[in-house]
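Report on one structure; see the data block that follows.
This one's a predicted model, so the numbers in the text were calculated from it and none came from an experiment. Lettering follows sequence order; numbering is per chain, from 1.
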Number of protein chains: 2
Amino acid sequence: MLKLTKKADYGLMALKYLAEHPETPALSAKDVADAYGIPAQLLAKILQRLTKTGLLRSHAGMNGGYALARDARQISAYEVILSIDGPFFITSCTRGAKSCDLTPSCTIKEPLARVNDTIAGVLKSISIHDLADREHSDAAPGRDRQGLVTLTV
Amino acid sequence: MLKLTKKADYGLMALKYLAEHPETPALSAKDVADAYGIPAQLLAKILQRLTKTGLLRSHAGMNGGYALARDARQISAYEVILSIDGPFFITSCTRGAKSCDLTPSCTIKEPLARVNDTIAGVLKSISIHDLADREHSDAAPGRDRQGLVTLTV
DNA sequence: ACTATATAGGACCGATCAAGTCGCATATTC
DNA sequence: GAATATGCGACTTGATCGGTCCTATATAGT
Ligand code: SF4
Ligand code: SF4
């Protein structure tokens, strides 16, 4: 329950890795997979998905690979999860097609929808850059960087 | 991914229902199940779980049933989910026993752990009472009730 | 041209887990 | 003692996740 898929996990790791190597023009799926021990074929498909949704730019052939399509600051964890796992919903209803059959009688779907939005907001407030540049975290200048999320049930 | 189990859903609904009927000494699992169309046997086991974790008080026999063990304000959604679905973790690692085998090389588990805490905080800030008393939401007095959650990746 | 490298993507499989059912034991009230 | 209700474990079914395999295509270097 409420568990991130490993695919999304891997995707985040890969994007972070790409963000940490801005000098290289492109890194292959195998490069990234080897760096962490992720199954190469699996990661390949994940990166393909991220490419199709526009988060990555790919280049086939030798010395090919993937590179971030945007600045790491402009890519949110939410987008990554969305790309890999599809629409983000914590409840079974709101899942377009075959939802929970007691949707009409349910009285908590509205409040839960708000919780859903809140969590989505948290994810949206996290960028790949945030994951990557951990080292300067404490040495950050006066204005501490922190996302404020308001939750009104 | 990141989806609440229906069991937790049902549990929240049931608790809310109990919170809305404070006059009755106890409501049976069947009562609640019929009120929403939840499979009775399934809900029974959920309520038993909630009883075992101390969120509900049960009474067997005729006119028996369940009642909230505490005030609805003192029961958080987090506790409910925890009781029904077990420990709350969005990642596969930190799952005590058989975790992800690339835990050592993973570089995002720490940031994700912080996200985990943030989401847990959101859930903790929601009480059964919040789910139940929806009607006076807009008519609330000056100080608007809203949970502030700080997220520092 | 040929080959090595790399992306693109479909088919498939096994393990796990959620959801729900069944059966039986126990407690309580009438 | 019958009706009601909790308590609890075993079980079945279906979906989803994690992962593999196989093929097609694109590109760079020799
Ligand atoms: S309808 Fe109510 S019970 Fe069914 S999934 Fe949505 S929230 Fe959960
Ligand atoms: S170790 Fe990294 S990859 Fe494995 S589960 Fe934890 S976070 Fe996800």
Side-chain angles (χ1 to χ4, degrees), chain A residues 1-11 13-14 24-34 37-53 56-67 69 81 84-87 89-93 95 97-102, chain B residues 1-11 14 24-34 37-53 56-67 69 81 84-86 89-93 95 97-102:
Chain A
M1 39 67 83
L2 236 22
K3 194 168 47 184
L4 222 60
T5 62
K6 281 197 178 178
K7 294 185 188 180
D9 243 36
Y10 295 160
M13 290 174 68
T24 61
L27 285 170
S28 77
K30 191 172 181 307
D31 290 338
V32 183
D34 289 352
I38 303 174
Q41 303 232 49
L42 182 54
L43 182 63
K45 268 203 302 204
I46 294 170
L47 297 182
Q48 286 164 25
R49 201 87 144 265
L50 293 173
T51 303
K52 211 162 61 173
T53 53
L56 288 180
R57 231 182 285 276
S58 68
H59 185 63
M62 287 184 79
N63 302 326
Y66 300 90
I81 295 172
I84 297 174
D85 291 337
F89 291 122
I90 63 171
T91 52
S92 304
C93 54
R95 282 258 189 200
K98 49 180 170 183
S99 61
C100 174
D101 47 342
L102 48 84
Chain B
M1 39 62 85
L2 236 21
K3 194 168 47 183
L4 221 60
T5 63
K6 283 196 178 180
K7 294 185 188 181
D9 244 35
Y10 295 161
T24 61
L27 285 169
S28 76
K30 191 173 182 303
D31 289 338
V32 183
D34 289 352
I38 304 173
Q41 304 230 52
L42 182 54
L43 182 62
K45 267 202 303 203
I46 294 170
L47 297 182
Q48 285 163 24
R49 200 87 141 266
L50 293 173
T51 303
K52 211 162 61 174
T53 53
L56 288 180
R57 230 182 287 276
S58 68
H59 185 63
M62 288 185 78
N63 302 326
Y66 300 90
I81 296 173
I84 298 174
D85 291 336
F89 291 123
I90 63 171
T91 51
S92 304
C93 56
R95 284 258 191 200
K98 49 181 170 181
S99 60
C100 175
D101 46 340
L102 48 85

Specify the closest pair of heavy atoms between B:A14 and B:L43, including all atoms of both residues, with the distance to one decimal.
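Looks like CB-CD1, 4.1 Å.
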Which pair of heavy atoms, one from B:G86 and one from A:M1, lies closest together, and at what distance?
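Residues B:G86 and A:M1, closest heavy atoms: O-CE, 4.5 Å.
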Length of the [atom1]-[atom2] vector between [X] and [N], whole Å:
X     : N      : atom1 : atom2 : result
B:L56 : D:dA5  : CG    : P     : 17 Å
B:K30 : C:dT21 : NZ    : P     : 14 Å
B:R49 : C:dA18 : CZ    : P     : 10 Å
A:I46 : D:dG18 : CD1   : P     : 9 Å
B:I84 : C:dA18 : CD1   : C1'   : 13 Å
A:K52 : C:dT7  : NZ    : C1'   : 13 Å
B:K6  : D:dT16 : NZ    : C1'   : 14 Å
B:D31 : D:dT6  : CG    : C1'   : 13 Å

Does a side-chain N or O from [X] land closer than 4.0 Å to OP1 or OP2 of [N], or not?
X     : N      : value
B:S58 : D:dA5  : no
A:Y10 : D:dG18 : no
A:T51 : C:dT7  : no

Can you tell me how far apart CG (B:L50) and OG (B:S58) are? Round to the nearest 0.5 Å.
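The distance works out to 11.0 Å.
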Can you tell me how far the CG atom of A:D9 sits from the NZ atom of A:K7, to the nearest 0.5 Å?
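That separation rounds to 13.0 Å.
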If each of A:L42 and B:L47 is mapped to the nucleotide of DNA chain D with the nearest heavy atom, which maps nearer the 5' terminus, i.e. the 5' end?
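Whichever sits nearer the 5' end wins; that is B:L47.
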Between protein and nucleotides 21-30 of chain D, map the contacts as a letter string: B base, S sugar-phosphate only, - none, heavy atoms under 4.0 Å, written 5' to 3'.
BB---BBBS-
Can you list everything that forms a side chain to side chain contact (heavy atoms under 4.5 Å, CB included) with A:A44? Sequence neighbours excluded, please.
A:A29, A:Q48
Which of the following nucleotides, D:dG19, C:dA19, D:dT6, is nearest to the side chain of B:A29?
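Closest nucleotide to the B:A29 side chain: D:dT6.
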Any donor-acceptor N/O pair, B:R57 side chain to B:A67 backbone, under 3.5 Å
no
Any A:M13 side-chain heavy atom under 4.5 Å of B:L102 side chain
yes
